[in-house]
Amino acid sequence: MTSPATTSTSRWARGVVLPVAAVLAVMVFALNSSGYVVTVIGFAAIYAIFVTGLNFFMGYTGQASFGQNAFAALGGYGSAILSGNYYWDPLLALVVSMAFAGVVAAIVGYPTLKLRGHYLAMATFALGLITYEISIEWTGLTSGYMGISGIPPLGVGRYELGTEKQMLVALTAFLLLGVWISTRLRDSRFGRALRAIAGSEPAAQALGINVARYKLMAFVVAALYASCAGSLFAHFVGFISPEVFGGAMVIQSFTMLFLGGIGTTWGPVIGALMVLMLPEFLRGLKELQDVVYSCVLVMILIFAPKGLAGLVALIPTRRAPAAPRPAEAK
Amino acid sequence: MGKSDMALLSVQNVTMRFGGLVANDRVSFDVPEGALFAVIGPNGAGKTTLFNIISGFFPPSEGQVVFAGDTITGLPQHAVASRGLIRTYQLVQLFKDLTVRENVAVGCHRVTRGGIPAALFTPGWARKQEAEVERRSRELLDFVGLGAQADMAADKLPYGQQRLLEVARALAADPKLLLLDEPAAGLNTQETAALADVIQRVNARGVTVLLVEHDMSLVMKVAQRIAVIDFGKKIAEGTPAEIKAHPDVIAAYLGGTETADA
């Protein structure tokens with residue numbers, strides 16, 4: 001949203017400069033750490049992309065989907081098969097897989113999104129289960145439980161990102177691009193329509209917003225992100241199996257979304273980092289690790305119900321003296 | 001009927017049956033361009049059903065709704081809205097997580113354009129449009145007297161102001177016809193007076209208003225013409241003075257027994 005010049009500076013600082021600096025700092029930290037930390041932060045970046053997409057559908061638009069892992073699987077297997085078996089350029093495989101996932105999302109979403117609330121949740125959950133079963137049973141294509149290994153790393157033409165650290169730089173670039181798109185779309189006519197649907201579908205309808213169409217668009221955007229994350233996972237790890245895109249992924253991503261701050265642009269990134277890094281910090285506690293981890297999660301949800309990104313919003317912004325806001329004085 | 005070229009909205013023989021219940025029975029009236037028209041009736045008279053039919057919430061069993069010369073009967077609600085027939089709800093339906101100003105900005109949806117590409121690449125026209133949305137939102141908030149609350153969360157407003165916000169949001173859609181569903185419901189006397197003032201000023205801006213209302217004080221104060229519905233049938237239509245003196249209306253409201261067929 002275009003804002004008067006007086007307030008845009010602080011909003012810019014808080015909404016863009018600060019988080020981007022934080023992400024780059026984490027990346028630099030990872031690049032100077034051991035291989036294991038690089039792997040964990042790489043996973044965090046991939047999950048952050050996935051959850052940023054989920055946030056379009058669940059956060060901005062206020063709909064429930066328990067089946068986004070289906071689109072991550074499409075991306076992952078698409079990339080694995082196209083670049084592994086058919087020697088496609090990995091970036092091309094990624095883009096083609098995304099397009100395919102988007103088309104599938106549009107076809108599947110059209111009837112499914114007529115459902116609401118719990119029914120929508122169940123239907124999308126089934127979507128995830130179906131994809132999971134297919135990835136197990138269609139062994140000719142997916143090798144079933146065995147999974148697909150030897151997937152080449154990301155690269156363009158003859159240039160290959162051989163090391164994990166190089167990959168991490170690429171993942172960070174993808175992530176920042178993903179969050180940039182999310183921010184842009186959120187603060188636009190398109191994003192306002194989505195957030196209106198989350199607030200009240202009848203009111204959105206009454207203002208001329210085609211609710212069904214906007215829901216479908218949010219679903220497709222979420223699927224594109226999920227597919228991209230799936231592809232990146234395949235290239236980052238070099239191996240995928242049905243379990244990678246199983247039910248655990250859904251639970252993991254929900255935790256990240258709610259912990260980081262649903263409906264916020266940076267919440268998914270914070271949530272992904274938090275959920276994947278916290279166990280590493282708690283490793284020293286040995287058998288108490290899971291207990292403390294769960295306690296921390298519950299505490300955050302109690303004391304920061306809008307997620308960790310919501311806490312950042314509590315930092316007072318510098319208000320321009322020329323524009324007093326009496327409404328906020330209380 | 002054939003008067004649709006004269007009237008902005010023409011309700012023609014609308015009948016609505018829910019199973020055996022006839023909620024609306026051959027209701028007809030015309031709302032001329034620029035009018036401030038009210039539909040009143042006792043509780044359960046079928047006002048809200050009629051309202052929902054006009055706004056496209058559900059189609060009637062029989063009859064037609066003609067808006068700006070086109071039959072809109074059975075069109076989905078967003079399609080009706082995009083033609084410029086904008087409704088509000090009896091129970092305020094705000095976008096709670098948005099600020100007051102953003103709520104009004106959503107209202108601009110109908111009169112703006114642009115999807116994902118415009119949002120990503122913000123070409124010149126899109127930036128200009130966003131600036132215009134901002135300006136227009138603030139102007140409309142000032143118009144209903146909520147200018148100072150623009151950056152508040154919408155659900156922090158007191159109920160009476162939420163109503164005004166809903167009106168501002170509907171105005172942002174640049175309605176040809178504004179449909180207000182019992183806007184005074186749940187408001188105290190002062191809030192109702194403030195609302196009456198806003199409704200009259202909305203009409204003075206050139207917006208045709210159709211008010212469906214239970215609160216007689218509001219209707220008698222603002223409406224230029226009134227249709228009265230009782231048990232699903234239109235029993236009278238006229239100016240406020242005519243309606244006040246109409247025997248059937250008095251009977252309907254005071255529970256008289258000797259109703260003559262109109």
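Owing to the predicted nature of the structure, the values given are computational and were not obtained by experimental measurement. To find a chain, count down the sequence lines: A is the first, B the second, and so on, and within it residues start at 1.
Using a 4.5 Å cut-off on side-chain heavy atoms (C-beta onward), F95(B) and I197(A) make no contact. With a 4.5 Å cut-off on side-chain heavy atoms, R213(A) and H78(B) do not count as touching. Contact annotation: the side chain of R195(A) approaches that of L98(B) to within less than 4.5 Å [non-hydrogen atoms, C-beta and beyond].
Nearest approach of Y89(B) to A206(A), heavy atoms of both residues: CE1-CB, 3.9 Å. Of all heavy-atom pairs between A81(B) and L207(A), the closest is CB-C, 4.1 Å.
Residue Y110(A) places its OH atom among 12 or fewer non-hydrogen atoms of other residues, nucleotides or ligands, all under 6.0 Å distant. Around the CZ atom of F143(B), the shell of radius 6.0 Å holds more than 12 heavy atoms that belong to other residues, nucleotides or ligands. More than 12 heavy atoms of other residues, nucleotides or ligands sit less than 6.0 Å from atom CZ of R135(B). Within a 6.0 Å sphere centred on CG of D97(B), heavy atoms belonging to other residues, nucleotides or ligands number 12 at most. Counting heavy atoms of neighbouring residues, nucleotides and ligands inside a 6.0 Å radius, atom OH of Y119(A) does not exceed 12 of them.
In this structure, OG1 on T112(B) lies 4.0 Å from CZ on R189(A), to the nearest 0.5 angstrom. Separation of atoms CG (L120(B)) and OG1 (T183(A)) is listed at 10.5 Å; rounding is to 0.5 Å.
Exactly one residue among Q93(B), R87(B), Q77(B) makes a side chain to side chain contact (heavy atoms under 4.5 Å, CB included) with Q205(A). That residue is Q77(B).
Contacts between L179(B) and chain A at a heavy-atom distance below 4.5 Å are absent for every atom of the residue. With a 4.5 Å cut-off on non-hydrogen atoms, Q129(B) touches chain A through its side chain but not through its backbone. I116(B) touches chain A through backbone and side chain together, each having a heavy atom under 4.5 Å away. At a 4.5 Å heavy-atom cutoff, R83(B) makes no contact with chain A through either its backbone or its side chain. Within the 4.5 angstrom heavy-atom criterion, no atom of V80(B) approaches chain A.
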Full working for side chain to side chain contact (heavy atoms under 4.5 Å, CB included) between R184(A) and T122(B): CA-CA 9 Å; R184(A) 273 289 169 117; T122(B) 51; 3.0 Å; yes
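Highest contact tally toward chain B, considering only I209(A), V211(A), I181(A), V221(A), is held by I209(A) [criterion: heavy-atom pairs under 4.5 Å]. Of the listed residues (G114(B), A79(B), S82(B)), the one with the most heavy-atom contacts under 4.5 Å to chain A is G114(B). Counting heavy-atom pairs closer than 4.5 Å to chain B, the top residue among A193(A), G263(A), S200(A) is S200(A).
Separation of the H109(B) and F190(A) ring centroids does not fall under the 6.0 Å cut-off.
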